[in-house]
Chemist: 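One structure, as structure tokens, below. Some questions next.
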Amino acid sequence: MDLFVFSTISLLQQVISIRKNGLFLKIKYLIFSLFITIFYQLNIFALEHNNNLIDDNMKKESKPINMSLDIQKIKQEGFVRYSYFGAKGDGKTDDMEAIVATHDFANKHSLDVKADKSFKYYVGGKNLTAIIMTNTDFGDAEFIIDDRAVERRQANIFDIVSEHKSFKIDEISSIKKNQNKLEINLTQPSILIIKNSTLKQFIRYGLNKNNGFPQTDVIIVDANGNIFSETTPIWDFNQITEVTAFPIDSKTLLINGGIFTTIANNAESKYNYYKRGIGVKRSNVIINGLKHKIVEEGDNGAPYGGFLNIEHSSNIKVIDSVFTGHKIYETIGSAGKKVSMGTYDLTVDKSINISFVNCKQFNDIDDKRYWGILGSNYCKNIVYDNCVFSRFDAHMGVTNVTIRNSTLGHQGINAIGNGTLLLEKSEIRGNSLINLRSDYGSTWNGIFIIRDCIFIPNAGKKISSVNLVNGRYSGQHNFGYQCYMPEKIFIENLKIDDKNHTDEYRGPAIFADFNPEMRDSSYKENFPYVITKEVITKNLNILSGKPIRISENIYMFRNVKLKQE
């Protein structure tokens, strides 16, 4: 309006000047100019008034905060909400840009993030990831993640990351198995991922066969290079081509609550993994009370690489959380034959000290239409405690597993690895008590301890045979490493519910027939298998009343010492 007044006065002065000079011919032009100026300024005034009304309405709907004026107030509160940056939370409007902006602001100013109470945030297919570096409370808010049309199928919705950058270490040229010290100095304890690209291991056999992967291990060292005792190397590295350090954050990050629903993709059923969930890429994180559901799984779909995917991390606890098994789809594998594709809600990769406590899944753990809940690779010290899941699985090796107070469904325990596999006070409902994955050599270099457990083969359905330890090994395939069976197996207070059996059932066996072709000394293994030395059993309760046996393959397990108490 100031400009309007100034312009009007200026034009009147020009009219008076014109009359005094007898130049009336230009008056019409000047009056027309005055009219145009007045009209323009009145419209500017109306537009400003209208914009103010719009701003007022926006404040009522999403309560945006003027950051230049209220930043100190936000810091005093100690947290920021998604609505401050324009999130609607109506379940329809794509709120992802507001979610990303909220965490960017929180990270910059070291503020916690709190979701708006009872909001329902819709997340579309944009290639956006919100970076979490501060405590985040999702509360009772819902997040609808729509995977039907995405720009990038492996763009996590959230990535929980470290404030420290990873870096390469060049001083290490070799490492010995069980070595406990490296001649390096660091600023803080770190995870080291060690690789030797000149040696291939985990050369997979079967319908998903491959050419293997570089020799890999993961350890933890302190600032002086001392290797933490339960993370020492499991291989001799005669050559090292790469060492990457991931500094361990000293502060524990807290992630609480949240109800996440994935609208499943309807892509072609191929090995094109989707990963649009929460990535954990820093150490010392507690995730509590998270829930994840999946809806609208159709006749076809691509597999998932984990809604919660943990990598390059240590000391991660997932507590009181609920996940969902994914529907199984089939495709043609690398061997040219039809295969069921593994698809996961939980994945753990190159990580140490990972615990799932008081966790379960929404769907039936015995429903064979859904794949097992978890897959892992290159990990150490994984724990299930008081969990109800369809499966525990270790693909390319795990060192030390503890499963206690838990119930595992139709896919049971599938593992290869090292160290101690401790199974106690748990119920296993798979086809075997423990399955050593045959596609990776049915290998476990260590011991099994099984106590105070219940084994219900095939989830109580009728059975014709029962094996406590299952696997397959021909001795003709090179997996890239020596393959072992557990050196010793301790079984105490095991109840085997095998009463629902066929007439030809002969009773439970300790070992399955790992090699039906090996029946005498004429069979030669190109890659010899190291067989179990001793099995000690105490207080077995076999409901069928039939005695325990070593195996159908008496020759293969002829040197196993069975001690029954």
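Everything numeric in this text was worked out from a predicted model, so none of it was measured.
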Chemist: What's the separation between atom CG in Asp116 and atom CZ in Arg81, rounded to the nearest 0.5 Å?
Modeler: 6.0 Å
Chemist: Locate the shortest heavy-atom distance separating Lys380 from Thr231; write the atom from each residue and the value.
Modeler: NZ-O, 2.8 Å
Chemist: Strictly distance-based, threshold 3.5 Å: is any side-chain N or O of Gln179 a donor or acceptor partner for the main-chain N or O of Lys181?
Modeler: yes
Chemist: Would you call the rings of Phe143 and Phe138 parallel, tilted or perpendicular, where under 30° means parallel and over 60° means perpendicular?
Modeler: perpendicular
Chemist: List the steps, then state whether side chain to side chain contact (heavy atoms under 4.5 Å, CB included) holds for Phe105 with Ile74.
Modeler: CA-CA 11 Å; Phe105 181 84; Ile74 296 173; 4.2 Å; yes
Chemist: Under 4.0 Å between a side-chain nitrogen and a carboxylate oxygen: does that hold for Lys114 and Asp137?
Modeler: no
Chemist: For Met96 and Ile157, work out which heavy atoms get closest and say how close.
Modeler: CE-O, 3.2 Å
Chemist: With rounding to the nearest 0.5 angstrom, report the CG to CG distance, Leu308 to Asp345.
Modeler: 8.5 Å
Chemist: Drop me the distance from Leu422's CG to Ile450's CD1, to the nearest 0.5 angstrom.
Modeler: 9.5 Å
Chemist: So which of Asp385, Asn386, Asp452 actually passes side-chain contact (heavy atoms from CB on, under 4.5 Å) with Lys425?
Modeler: Asp452
Chemist: Backbone N or O of Ser197 within a donor-acceptor pair of the Thr241 side chain at under 3.5 Å?
Modeler: yes
Chemist: Start with the C-alpha distance between Lys251 and Asp249, add both sets of side-chain angles, then the distance that settles salt bridge (Lys or Arg N to Asp or Glu O under 4.0 Å), and finish with yes or no.
Modeler: CA-CA 6 Å; Lys251 179 184 176 182; Asp249 298 79; over 6 Å; no
Chemist: Within 45° of the axis and under 6.0 Å from the centre of the six-membered ring of Phe362, does NZ or CZ of Lys293 qualify?
Modeler: yes
Chemist: Minimum heavy-atom separation for Asn445 to Lys177, with atom names?
Modeler: ND2-NZ, 3.6 Å
Chemist: Is the gap between the ring centers of Tyr121 and Tyr82 under 6.0 Å?
Modeler: yes
Chemist: One thing to verify: whether Lys88 and Asp95 come together as a salt bridge, which I'm taking to mean a side-chain N less than 4.0 angstrom from a carboxylate O.
Modeler: no
Chemist: So does Lys195 pair up with Asp217, basic N to acidic O under 4.0 Å?
Modeler: no
Chemist: I'd like to know if Asp393 pairs up with Arg391 as an ion pair, taking the criterion as any Lys NZ or Arg NE/NH1/NH2 lying under 4.0 Å from an Asp or Glu carboxylate oxygen.
Modeler: yes
Chemist: Using ring centroids (six-membered ring only for Trp), state whether Tyr273 and Tyr304 fall under 6.0 Å.
Modeler: no
Chemist: About how many Å separate CG of Asp140 and CD1 of Ile259, when rounded to the nearest 0.5 Å?
Modeler: 6.5 Å
Chemist: Check for me whether the distance between the ring centres of His164 and Phe246 falls short of 6.0 Å.
Modeler: no
Chemist: Treating Asn300 as the side-chain partner and Asn266 as the backbone partner, does any N or O pair qualify as donor plus acceptor under 3.5 Å?
Modeler: yes
Chemist: Is any side-chain heavy atom of Ile255 less than 4.5 Å from a side-chain heavy atom of Val285?
Modeler: yes
Chemist: Looking at NZ of Lys291 and OG1 of Thr261, how far apart are the two atoms once the value is rounded to the nearest 0.5 Å?
Modeler: 11.5 Å
Chemist: Identify which one of Thr402, Val401, Ile428, Leu408 satisfies the side-chain contact (heavy atoms from CB on, under 4.5 Å) criterion when paired with Leu423.
Modeler: Ile428
Chemist: Please step through salt bridge (Lys or Arg N to Asp or Glu O under 4.0 Å) for the pair Asp90 and Lys92, ending with a clear verdict.
Modeler: CA-CA 5 Å; Asp90 58 11; Lys92 299 177 182 179; over 6 Å; no
Chemist: Does Asp146 offer a backbone N or O that forms a donor-acceptor pair with the side chain of Arg276 under 3.5 Å?
Modeler: yes
Chemist: Could you check Ser355 against Val318 for side chain to side chain contact (heavy atoms under 4.5 Å, CB included), going step by step and ending with a plain yes or no?
Modeler: CA-CA 6 Å; Ser355 299; Val318 183; over 6 Å; no
Chemist: Any ion pair linking Arg369 and Asp367 (charged N to carboxylate O, less than 4.0 Å)?
Modeler: yes
Chemist: Return all side-chain donor-acceptor pairs below 3.5 angstrom for residues 412-421, not counting sequence neighbours, or 'none' if the list is empty.
Modeler:
unit_1: Asn414; atom_1: OD1; unit_2: Asn435; atom_2: ND2; d: 2.8
unit_1: Asn414; atom_1: ND2; unit_2: Gln411; atom_2: O; d: 2.5

Chemist: So which heavy atom on Gly342 is nearest to which on Pro303, and how close?
Modeler: O-CB, 3.5 Å
Chemist: So, the side chain of Ser269 versus the backbone of Gly301: is there a donor-acceptor pair under 3.5 Å, distance only?
Modeler: yes
Chemist: Going by side-chain contact (heavy atoms from CB on, under 4.5 Å), Ile184 matches just one of Ile172, Val243, Asn224. Which one?
Modeler: Ile172
Chemist: Check whether any side-chain heavy atom of Gln361 lies under 4.5 Å from a side-chain heavy atom of Thr324, and answer yes or no.
Modeler: no
Chemist: Between Arg429 and Glu427, is the closest basic N to carboxylate O distance under 4.0 Å?
Modeler: yes
Chemist: A side-chain contact here means heavy atoms from C-beta on lying under 4.5 Å apart; do Tyr344 and Ile373 qualify?
Modeler: no
Chemist: Is the shortest distance from a Lys or Arg side-chain nitrogen in Glu424 or Arg404 to a carboxylate oxygen in the other one below 4.0 Å?
Modeler: yes
Chemist: Any Lys/Arg nitrogen of Asp439 or Arg204 sitting under 4.0 Å from an Asp/Glu carboxylate oxygen of the other?
Modeler: yes
Chemist: Using modelled atom types and a 3.5 Å cut-off, is there a donor and acceptor pairing between side-chain atoms of Thr129 and backbone atoms of Asn156?
Modeler: yes
Chemist: Would you find more than 12 non-hydrogen atoms of other residues, nucleotides or ligands less than 6.0 Å from Glu330 atom CD?
Modeler: yes
Chemist: Search all heavy atoms of Glu77 against all heavy atoms of Tyr84 and return the closest pair with its distance.
Modeler: OE1-OH, 3.7 Å
Chemist: What do the steps show when you test Glu242 against Lys168 for salt bridge (Lys or Arg N to Asp or Glu O under 4.0 Å), and what is the final call?
Modeler: CA-CA 7 Å; Glu242 182 180 292; Lys168 304 296 183 183; 3.4 Å; yes
Chemist: Please determine whether ring pair (Phe, Tyr, Trp, His ring centres under 6.0 Å) holds for the pair His292 and Phe307, giving the CA-CA distance in whole Å, both sets of side-chain angles, and the decisive distance to 0.1 Å.
Modeler: CA-CA 8 Å; His292 179 238; Phe307 172 77; 3.8 Å; yes
Chemist: Working to the nearest 0.5 angstrom, can you tell me the gap between Tyr122 OH and Ile144 CD1?
Modeler: 9.5 Å
Chemist: Are the side chain of Gln215 and the backbone N or O of Leu199 linked by a donor-acceptor pair below 3.5 Å?
Modeler: no
Chemist: Evaluate side chain to side chain contact (heavy atoms under 4.5 Å, CB included) for Asn288 paired with Leu254, printing each intermediate quantity in order.
Modeler: CA-CA 8 Å; Asn288 180 50; Leu254 305 177; over 6 Å; no
Chemist: Have a look at Ser376 and tell me which of Val348, Asp349, Thr347, Leu346 forms a side-chain contact (heavy atoms from CB on, under 4.5 Å) with it.
Modeler: Val348
Chemist: Between Glu97 and Lys126, does any side-chain N to carboxylate O distance fall below 4.0 Å?
Modeler: yes
Chemist: State whether the side chain of Ser313 and the backbone N or O of Ile310 hold a donor-acceptor pair below 3.5 Å, judged by distance alone.
Modeler: no
Chemist: Provide the closest heavy-atom pair for Ser283 versus Ile248 in the form atom of the first, atom of the second, distance.
Modeler: CB-CG2, 3.7 Å
Chemist: Parallel, tilted or perpendicular: which describes the rings of Phe202 and Tyr378, with under 30° parallel and over 60° perpendicular?
Modeler: perpendicular
Chemist: Using a 3.5 Å distance criterion without hydrogens, assess whether the side chain of Asn107 forms a donor-acceptor pair with backbone atoms of Met133.
Modeler: yes
Chemist: Are any side-chain N or O atoms of Ser190 and backbone N or O atoms of Gln188, one a donor and one an acceptor, separated by less than 3.5 Å?
Modeler: yes
